[in-house]
Amino acid sequence: MHNMNSESNSPKIGDYGIIGNCRSVALISRTGSIDWLCWPRFDSPSLFGALLDRNIGGRFAIRPTGQYTSTRRYVGDTNVLETTFQTETGIVRLLDLMPVDSEENKRHTLWAAHQILRIIECVEGEVEIEVLCVPRPDYGRKQPRLRYRGALGFYFEDRGNAFILRSEIQLMLSVDHAEVVGRCVLQAGERRRISAVYSAGEPAFIPPLGEFAEHRLQATLRWWEAWAARFTYDGPYREAVMRSALCLKLMSYAPSGAMIAAPTTSLPEKIGGVRNWDYRYCWLRDASLTLQSLFDLGYRQEAEAFMSWLLHASQMSQPELHILYDVHGETHLPEQELDHLDGFAGSRPVRIGNDARKQLQLDIYGEVLDAVYEFVCRGGRLDRATARMLKGFGKTVCQRWQEPDEGIWEIRGERLHHTYSKAMCWVALDRLIKLHEQGHLRIPLELFTHTRAAIRAMIERHGYNESLQSYVSVFDGDDVDASLLLLARYGYADPGAMRIRQTCALIHQRLGRDGLLYRYLAENDGLPPGEGAFGICSFWAVDCKALQGDVAGASELFEHILSYANDLGLLAEEVDPETGTLLGNFPQAFTHVGLIDAALSIARANQGKLREPGAEQTKMTGAKL
Amino acid sequence: MMSLNYANIFLWGFIATVFLTTLMAAGQGLGLSRMSLQYMLGTLFTADRNRAMAIGFTFHFVNGWLFALFYALVFESLGKSNWWLGAMIGLGQGLTVLIALMPILPALHPRMASEHHGPDPTRQLEPPGFMALNYGRQTPLITLFAHVVYGAILGGFYQLAGTAL
């Protein structure tokens with residue numbers, strides 16, 4: 001049971017749902033409180049940030065005043081969130097959405113650039129509800145002075161940006177003008193709308209309520225239903241895959257096509273710990289899996305937009321690739337600690353920006369070039385400038401593959417020779433050679449072929465431990481990490497090869513906990529120990545089993561991992577195997593990419609198909625980059 | 001009655017545009033900015049990148065000449081020209097482009113996404129944003145510098161050509 005005074009009871013990470021409009025998202029708790037919202041875009045400073053500080057972060061809550069229990073669901077295959085509060089006197093239902101519509105329809109009427117619409121309806125009995133809106137811009141560092149402007153609503157302005165709140169429930173300002181509060185009793189059948197908008201440096205849109213708001217709700221439902229209707233996957237776990245696709249869509253930035261890793265910062269990998277990072281940026285890692293997932297689910301436009309962003313963003317750093325970019329391709333993302341915030345459940349520090357940007361991670365080249373190869377195999381074409389850029393990446397691989405790096409896990413310590421990084425260098429050159437052979441670009445074939453062979457020889461000599469009969473994390477080492485599960489996935493080795501089977505077995509033996517996988521155990525990463533099992537690694541294990549033809553084992557494992565998702569089907573970066581609690585930034589795009597990819601692998605294995613790089617050569621539309 | 005020296009405008013307009021283009025391209029090559037005026041202009045007419053670059057390049061040079069003509073008119077109307085006056089006009093032009101033109105470009109350009117775009121996916125040209133900062137933090141500096149050099153060349157050589165005064 002919850003009640004309105006339950007602010008001190010911090011929600012768990014899995015207690016949140018998400019709504020959005022492909023430019024920003026809001027995280028809403030089971031208690032109807034928007035505890036995280038960054039406007040105007042994902043990586044802007046927070047306006048509501050109670051997620052990271054219950055006292056000063058700011059929130060926007062609508063809920064019953066008395067004791068209640070709540071249940072949640074998304075309305076059909078949409079990103080409109082419905083929270084139902086059951087009280088002793090009745091039932092109320094809260095709908096939360098960021099209104100969306102097609103670009104075509106938006107031309108015919110004025111739209112707020114950034115809007116949240118909340119509709120509360122009493123469906124049974126009578127229920128007293130409370131509204132509390134406490135905006136705290138700039139990660140809670142600012143306490144705005146709100147003004148009441150009559151029919152124009154409550155308002156504040158901060159450096160040319162305006163926030164407006166309008167409501168069909170009578171609200172009033174607190175004494176210090178820092179909060180808007182109100183209460184009302186709703187009878188069965190009564191419905192009230194509340195809307196908040198934000199304008200960044202332009203005249204604000206005054207959000208109409210009443211029928212207008214209902215039309216926005218209907219338009220939003222229609223848009224998401226139409227988007228979901230493009231979903232072509234009809235294999236096992238369809239519902240979970242659909243929810244993952246809808247979640248992934250929310251983490252794409254429509255104006256550029258970028259895909260952020262997660263919409264939050266500093267949700268801890270261990271409660272009370274220091275492994276708190278800002279994930280509101282775009283990692284090139286998993287570009288390939290993301291692209292394939294979008295293509296395979298029928299979202300070709302999104303896949304092409306993502307590919308276009310990926311190549312556009314990497315232009316500034318060519319012929320080298322950076323680890324992460326913002327939604328417009330900026331790489332200068334200095335890390336800062338926000339000392340004034342308590343952090344989620346006391347997990348400090350809270351960080352913004354990400355210093356992983358300075359690292360060398362050679363695997364990126366393989367992941368990006370594999371994505372390009374998939375794109376071309378599905379009918380995409382490369383223009384001359386892009387082809388030159390890709391050749392440049394290949395030359396960089398030839399020059400740098402022998403260097404140690406920080407590796408896929410972004411260890412903030414000594415650079416090492418990571419086996420997975422070397423294997424992905426092999427993948428990078430392999431895909432360029434294939435593109436050359438298919439006539440899509442021209443490369444120095446002899447150099448690339450010779451280097452590819454040299455990399456393989458080096459991996460087999462130093463990346464494989466004869467006494468363990470397994471590939472190992474770093475050259476001449478004796479530890480394993482979960483990235484080695486991907487060697488077969490990217491076509492470096494046959495999934496049925498004895499070396500791969502033995503490596504998978506050792507990874508499960510050493511890193512497995514209750515059906516989940518840690519990413520690594522033994523590696524000294526320079527931070528205090530303690531983190532959860534990694535969501536995407538656990539799905540890689542499913543993929544590995546499916547590739548080896550163990551469909552029953554893969555399905556059983558998939559269902560087990562899926563059981564850790566929250567009631568809305570959302571997953572974080574990690575899971576605590578002991579308690580089942582979700583950990584880390586939430587929801588995590590790449591965990592959901594892993595889910596989709598694993599389900600697709602099971603579907604293929606069911607049909608007796610094995611995945612090969614570029615195998616899905618369908619729908620030659622000739623999209624050009 | 002102003003007497004414009006069209007041959008000089010043509011010659012120095014071309015040279016100034018070469019410098020402006022080279023500086024902007026150097027900014028791209030050095031990884032400081034992704035701003036390509038040619039590409040942005042070319043995609044007004046076609047989505048094909050290779051054709052867009054060719055069309056944009058031509059269009060860009062025509063623009064360079066037209067602006068050289070405008071600069072010459074300003075020099076003539078003021079009755080003087082020198083490199084720093086040209087540089088000041090170039091600075092003004094650069095600021096106008098960055099502050100006024102770039103943010104509204106998505107509304108004018110048929111293949112450019114806007115910050116209001118979504119959730120419909122886009123493979124359109126990325127919006128430049130205020131001061132074209134979306135194309136890299138150094139973009140405003142490079143753009144201003146290139147326009148200052150463009151203006152300085154026109155101002156300096158229009159004076160040397162002796163057509164002013």
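Chain letters run A, B, ... following the sequence lines, proteins first and then strands; every chain starts at 1. It should be emphasised that the depicted structure is a prediction, and the values quoted were computed from it without experimental measurement.
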Hey, is the main chain of A/His328 close enough, under 3.5 Å, to the side chain of B/Asn134 for a donor-acceptor pair? no
Taking A/Glu330 for its side chain and B/Arg137 for its backbone only, find out whether a donor-acceptor pair lies under 3.5 Å. yes
Of all of A/His114, A/Met98, A/His312, A/Lys249, which one pairs up most often with chain B through heavy atoms under 4.5 Å apart? A/His312
Residue from A/His332, A/Glu302, A/Arg41 scoring the most non-hydrogen pairs under 4.5 Å with chain B is A/His332
Heavy-atom neighbours of [X] [atom1] exceed 12 at 6.0 Å:
| X | atom1 | answer |
| --- | --- | --- |
| A/Arg230 | CZ | yes |
| A/Trp224 | CH2 | yes |
| B/Phe145 | CZ | no |
| A/Lys106 | NZ | yes |
| B/Phe19 | CZ | no |

What are the two closest non-hydrogen atoms of B/Pro119 and A/Cys22, and how far apart are they? CB-SG, 3.2 Å
Examine whether an atom of [X] lies under 4.5 Å from a heavy atom of chain B, and if so say whether it belongs to the side chain, the backbone or both; otherwise answer neither.
| X | result |
| --- | --- |
| A/Ser102 | both |
| A/Asp326 | neither |
| A/Trp223 | side chain |

Provide the full list of side-chain hydrogen bond (donor to acceptor under 3.5 Å, both in side chains) pairs with a residue in residues 145-154 of chain B, sequence neighbours left out, each pair given once. none
